[in-house]
Amino acid sequence: MEQALAGGIPQRAGWYRFFFADERWEWSPEVESIHGYQPGTATPTTELVLRHKHPDDQEAMAATLHDIRRSRKPFSTRHRIITVQGTIREVVVIGELLRDDSGGVVGTQGYYIDVTPARDALISDAVAEIADNRAVIEQVKGALSLVYRIEPEVAFDVLKWRSQETNVKLRALAEQLMADFAVVGGGERLPPREVFDRLLVTAHQRVRARSARGDASRPSAAIADQARKA
């Protein structure tokens with residue numbers, strides 16, 4: 001059942017890296033596909049990345065990129081891109097600091113998540129039935145939907161993607177995220193967006209730590225402190 005839940009994400013998410021010194025970009029085949037390219041046919045550059053931004057979002061995204069270079073802080077943004085085929089897609093981009101072996105910040109790295117509302121996005125009846133019977137998965141889907149303003153089907157794909165990327169069972173990942181939300185949100189509200197980003201991309205680490213210790217894992221003190229300040 002876990003394999004059924006975690007399988008078959010249609011190019012909704014992938015990774016990227018951006019090196020500040022020479023403005024060198026790297027992206028996964030999934031991110032290339034999100035932009036409308038066949039994998040291996042396009043070389044990302046700053047000019048290319050910005051050219052794909054929707055005209056109404058382009059200025060803001062150029063400013064965001066400039067601020068990332070200056071501030072060298074993690075970031076999260078939601079904006080529109082235009083594919084090679086002229087299709088408008090909505091993406092969430094989560095960026096963490098990229099460091100060299102000595103710990104110096106040399107760039108940013110993270111994920112693109114395609115959150116475009118799907119007109120015909122369907123989950124198979126078997127998978128939907130399994131998901132509906134798992135309350136914690138439904139709760140996390142709801143949280144993802146609220147924070148990123150995406151459809152439940154897309155939220156489910158994001159959760160499946162994190163399960164695949166980290167090789168952590170879907171249910172374990174969902175349970176960890178719900179435990180995290182309860183801690184940083186006090187059980188009464190969802191954590192702020194920047195805290196949510198961090199929890200989403202690091203939940204697998206706490207699942208593994210919990211498994212190794214045989215007890216409940218919690219968000220790091222830094223994450224909890226960030227939630228209190230937000």
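Hydrogens, waters and symmetry mates play no part in the numbers below; they use all other heavy atoms, side chains included. Predicted model only: the values in this text are computed from it and were never measured.
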Between CD1 on residue I34 and CD1 on residue I113, distance to nearest 0.5 Å: 9.0 Å

Are the side chains of E165 and R162 in touch, meaning some heavy atoms are under 4.5 Å apart? yes

Pairing residues for R69 by the side chain to side chain donor-acceptor pair (under 3.5 Å) criterion, not counting sequence neighbours: E23

Is atom CG of N167 surrounded by more than 12 heavy atoms (other residues, nucleotides or ligands) closer than 6.0 Å? no

Shared hydrophobic cluster for F20 and L65 (ILVMFWY, side-chain gaps under 4.5 Å): yes

Could you give the distance from CZ (F196) to CD1 (I94), rounded to the nearest 0.5 Å? 9.0 Å

Step by step, work out the salt bridge (charged side-chain N to carboxylate O under 4.0 Å, His left out) result for E96 and R198. CA-CA 9 Å; E96 296 287 329; R198 183 65 177 167; 3.0 Å; yes

Here the pair of heavy atoms bringing E30 nearest to G14 is CB-CA, 3.9 Å

Are F18 and L48 in one and the same hydrophobic cluster, where Ile, Leu, Val, Met, Phe, Trp and Tyr link if side-chain heavy atoms are under 4.5 Å apart? yes

With sequence neighbours left out, the residues meeting side chain to side chain donor-acceptor pair (under 3.5 Å) with E26 are R17, R24

Scanning both residues in full, the closest heavy-atom pair of K141 with A155 reads O-CB, 3.6 Å

With sequence neighbours left out, the residues meeting side-chain contact (heavy atoms from CB on, under 4.5 Å) with S71 are D67, K73

So Y16 and V93, do their side chains get closer than 4.5 Å, heavy atoms only? yes

Yes or no on side-chain contact (heavy atoms from CB on, under 4.5 Å) for V158 and V92, after CA distance, side-chain angles and deciding distance? CA-CA 11 Å; V158 170; V92 168; over 6 Å; no

Tell me, please, which residues at least two apart from E90 pass side chain to side chain donor-acceptor pair (under 3.5 Å). R78

Does S76 reach the main-chain N or O of E194 with its side chain, forming a donor-acceptor pair under 3.5 Å? no

Measure the spacing between CD of Q109 and CG of L97 and express it to the nearest 0.5 Å. 9.0 Å

Among residues two or more places apart or on two chains, list those pairs meeting salt bridge (Lys or Arg N to Asp or Glu O under 4.0 Å) that have a residue in residues 32-43. none

Side chain to side chain donor-acceptor pair (under 3.5 Å) partners of W27, counting only residues at least two apart: none

Nearest-0.5 Å distance, CZ of residue F156 to CD1 of residue I150: 12.5 Å

Could you check whether any side-chain heavy atom of H79 comes within less than 4.5 Å of a side-chain heavy atom of Q58, counting everything from C-beta outward? no

Look at the aromatic rings of W161 and Y111 and report parallel, tilted or perpendicular, splitting at 30° and 60°. perpendicular

Mind listing the closest non-hydrogen atom pair of A203 and L177 along with its distance? CB-CD2, 3.7 Å

Residue pair M61 / V49, side-chain heavy-atom distance below 4.5 Å: no

Using the ring-ring contact (aromatic ring centres under 6.0 Å, His included) criterion, which residues pair with F19? Sequence neighbours excluded. none

So, using side-chain contact (heavy atoms from CB on, under 4.5 Å) as the criterion, who are the partners of V168 when residues are at least two apart? T166, A172, L173, H204, V207, R208

Do Q85 and T87 pass the side chain to side chain donor-acceptor pair (under 3.5 Å) test, and can you show the C-alpha distance, the side-chain angles, and the key distance before you say yes or no? CA-CA 6 Å; Q85 296 78 19; T87 302; 5.4 Å; no

In chain order, what residues pass the salt bridge (charged side-chain N to carboxylate O under 4.0 Å, His left out) check against R99, with sequence neighbours excluded? none

When rounded to the nearest 0.5 angstrom, what distance separates CZ in R149 from CG in L144? 13.5 Å

Measure the spacing between CD of Q176 and CD of Q205 and express it to the nearest 0.5 Å. 10.5 Å

How close do L159 and A174 get, counting heavy atoms only, and between which atoms? CD2-CB, 4.3 Å

Is there a path of hydrophobic side-chain contacts, each under 4.5 Å between heavy atoms of I/L/V/M/F/W/Y residues, joining V106 to W25? no

Indicate the atoms forming the closest heavy-atom contact of I82 with I88, along with that distance. CG1-CG1, 4.3 Å

L199 side chain near R206 side chain, heavy-atom distance below 4.5 Å: yes

Hits for side-chain contact (heavy atoms from CB on, under 4.5 Å) against Q38, two or more places apart or cross-chain, chain-then-number order -> T41

With sequence neighbours excluded, give me every ring-ring contact (aromatic ring centres under 6.0 Å, His included) pair touching residues 43-76. H35-H52, Y37-H52

